[in-house]
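Residue numbers start at 1 and run along the sequence shown.
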Amino acid sequence: MRVLYVVQRYGEDIAGGAEQHARAFAEHLADRGHGVTVLTTCASSYVDWGNTFPKGWTKCNGVSVYRTPVARARNPHLFARFNARMSGSPGLRPLSLQRDWMEMQGPHAPEIGPWIRRHARGFGVVVFITYLYWSTWAGLRECAGVVPTVLHSTAHDEPPLRLSIFEEVLRAPDELVFLTPEEGALVHERFPGSPPGEVIGIGMKTTQPGDADAFRGKFGLGEDPYLLYVGRVDPAKGAAELIDYFVAYKQRNPKNRDAGDLRLVLLGEKLIDVPDRADITVTGFVDEATRDGALAGALALVHPSYFESFAMVLTEAFAQRRPALVQGRCEVLRGHASRSGAALPYSGFVEFEAAVDALVRRPELADALGWAGRSYVEREYDWEVVMDRYERLLTRVAG
């Protein structure tokens, strides 16, 4: 089967979740013998969509990639003000204004439409990832009645999802792909009449254990237990709240020997000021092997985000046989916790403190939860399991 993916950015050095999602599915389909092409832009940054890659054809891990230029770089400050107006404005927003917003949201690459018109009929199915961007909105309009389409919505409860312009996006494809049951429920509640969709998830590598000793040695952690946060150290991801909770926990438990040794490790780009404390370590961005070592050695991963569509790092922690503490007000994270039996949800500091206490005082509980997580990942998110589901869906839609 010949499959075309349309995604806003693409490449091995692109760190965005939706873009990694697109590359993983494209490469696994190519490994299974399908002809896979990606239509994307020349942009590498979602902040301004500036053209950094050359226009035209390249090859990336067995996948053919065609890049089209973005018409003009986005002014992030101007867009932030416009986006705040659109997101915070009560009542209806005129569709003409929403289309202006969509163009500025970007990446506005005018050649995407003509390219699809010329080439789409040569593919069995066209797959779009994710719902939010101009490339998906414009590309779906070109495919209507021409070629079967699938949209990986990667939707979560955020202000843009309430804009009426996305009614045409979420109702346009022939089929939807969801990462979790919670995502499917959200989309169908917000967009009645959209395609039924299927929960596919995303695969995990489950064979390579991380080197916990190497990670501990590299960052001077010794034998101390640590809670691990992975991702941008950003208030929007719940990182600031987590830091506050950790500091409060240590202040309230100074005489607990195990809690006294407890550290917080923040693995990712720092976008906020972090307290200068001996028990908080900021590593910055690290490679995949270092991340796996960090996960393998953690007492638990903490995922404090209120808004998630899948939370790949959570299943990556489970793959390393480690449990998690997750934001209980995020339905996706709470759903993973319930289905896996491998994570403790918390809502507010009191529940956070109780959950940390349980793991600090009973390391055997943390180990048991971690094994439950590993079983969950092998059952639901091993790549072979996920790709079998995915191939069946694409074959049905293309047929």
Taking side chain as C-beta onward, heavy atoms only, is [X] less than 4.5 Å from [Y]?
{"X": "T180", "Y": "E331", "value": "no"}
{"X": "F349", "Y": "R252", "value": "yes"}
{"X": "L299", "Y": "L227", "value": "yes"}
{"X": "K59", "Y": "S64", "value": "yes"}
{"X": "L151", "Y": "L170", "value": "yes"}
{"X": "D48", "Y": "F79", "value": "no"}
{"X": "L29", "Y": "Y390", "value": "yes"}
{"X": "L394", "Y": "V127", "value": "yes"}

Among L344, N253, L262, side chain to side chain contact (heavy atoms under 4.5 Å, CB included) partner for V356: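 Answer after filtering L344, N253, L262: L262.
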Taking atom types as modelled, find out whether T68 and K55 have a side-chain donor-acceptor pair closer than 3.5 angstrom.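 There is no such pair between these side chains.
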Does a donor on one side chain sit under 3.5 Å from an acceptor on the other, for D157 and Y306?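 Y306 and D157 do not have a side-chain donor-acceptor pair below 3.5 Å.
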Please name the pair of heavy atoms, one in [X] and one in [Y], separated by the smallest distance, quoted to 0.1 Å.
{"X": "V70", "Y": "P107", "answer": "CG2-CB, 4.0 Å"}
{"X": "S305", "Y": "C330", "answer": "O-CB, 3.5 Å"}
{"X": "A212", "Y": "A296", "answer": "CB-C, 4.0 Å"}
{"X": "V147", "Y": "A120", "answer": "CG2-O, 3.7 Å"}
{"X": "S164", "Y": "Q98", "answer": "OG-NE2, 2.8 Å"}
{"X": "V187", "Y": "S153", "answer": "CG2-OG, 4.0 Å"}

Residue that, paired with K205, satisfies salt bridge (charged side-chain N to carboxylate O under 4.0 Å, His left out) out of E384, E288, E378, E316: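 By the salt bridge (charged side-chain N to carboxylate O under 4.0 Å, His left out) criterion, K205 pairs with just one of E384, E288, E378, E316: E288.
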List the steps, then state whether side chain to side chain contact (heavy atoms under 4.5 Å, CB included) holds for L186 with F178. CA-CA 10 Å; L186 172 67; F178 301 124; over 6 Å; no
Would you say [X] and [Y] are hydrophobically clustered, going by side-chain heavy atoms of ILVMFWY under 4.5 Å?
{"X": "W115", "Y": "V38", "value": "no"}
{"X": "I202", "Y": "V177", "value": "yes"}
{"X": "V385", "Y": "V377", "value": "no"}
{"X": "L333", "Y": "Y376", "value": "yes"}
{"X": "V36", "Y": "V125", "value": "yes"}

Just checking [X] against [Y], ring centres under 6.0 Å apart?
{"X": "Y245", "Y": "Y249", "answer": "no"}
{"X": "F166", "Y": "F191", "answer": "no"}
{"X": "Y133", "Y": "W49", "answer": "yes"}
{"X": "H152", "Y": "F310", "answer": "no"}

Any chance [atom1] of [X] has more than 12 other-residue heavy atoms, nucleotides or ligands included, within less than 6.0 Å?
{"X": "E380", "atom1": "CD", "result": "yes"}
{"X": "E189", "atom1": "CD", "result": "no"}
{"X": "D287", "atom1": "CG", "result": "yes"}

Examine distances only and state if a side-chain atom of [X] and a backbone atom of [Y] form a donor-acceptor pair shorter than 3.5 Å.
{"X": "R291", "Y": "G210", "answer": "no"}
{"X": "H156", "Y": "E183", "answer": "no"}
{"X": "H28", "Y": "R23", "answer": "no"}
{"X": "R67", "Y": "G56", "answer": "no"}
{"X": "R321", "Y": "G370", "answer": "no"}
{"X": "T136", "Y": "Y131", "answer": "no"}

Carefully, step by step, assess Q327 and Y346 under the rule side chain to side chain contact (heavy atoms under 4.5 Å, CB included). CA-CA 6 Å; Q327 176 55 253; Y346 66 88; 4.2 Å; yes
Inter-residue atom distance [X].[atom1] - [Y].[atom2], 0.5 Å rounding:
{"X": "T315", "Y": "H336", "atom1": "OG1", "atom2": "NE2", "result": "6.0 Å"}
{"X": "R93", "Y": "W101", "atom1": "CZ", "atom2": "CH2", "result": "10.0 Å"}
{"X": "Q208", "Y": "D292", "atom1": "CD", "atom2": "CG", "result": "8.5 Å"}
{"X": "F246", "Y": "L264", "atom1": "CZ", "atom2": "CG", "result": "5.0 Å"}
{"X": "Y381", "Y": "R379", "atom1": "OH", "atom2": "CZ", "result": "9.5 Å"}
{"X": "H303", "Y": "L314", "atom1": "NE2", "atom2": "CG", "result": "6.5 Å"}

Is the closest basic N to carboxylate O distance between [X] and [Y] below 4.0 Å?
{"X": "R32", "Y": "E391", "result": "yes"}
{"X": "E168", "Y": "R141", "result": "yes"}
{"X": "R118", "Y": "E111", "result": "no"}
{"X": "R396", "Y": "D174", "result": "no"}

Carefully, step by step, assess R72 and E103 under the rule salt bridge (Lys or Arg N to Asp or Glu O under 4.0 Å). CA-CA 10 Å; R72 62 178 179 275; E103 184 172 317; 3.7 Å; yes
Output, in order, the C-alpha distance, side-chain angles, deciding distance and verdict of side chain to side chain contact (heavy atoms under 4.5 Å, CB included) for S44 and R9. CA-CA 6 Å; S44 62; R9 299 181 296 160; 5.6 Å; no
Going by the side chain to side chain donor-acceptor pair (under 3.5 Å) test, which pairs reach into residues 216-235, not counting sequence neighbours?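 Sorted pair list: D224-R263.
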Yes or no on side chain to side chain contact (heavy atoms under 4.5 Å, CB included) for L97 and R85, after CA distance, side-chain angles and deciding distance? CA-CA 11 Å; L97 191 64; R85 273 182 58 203; 4.2 Å; yes
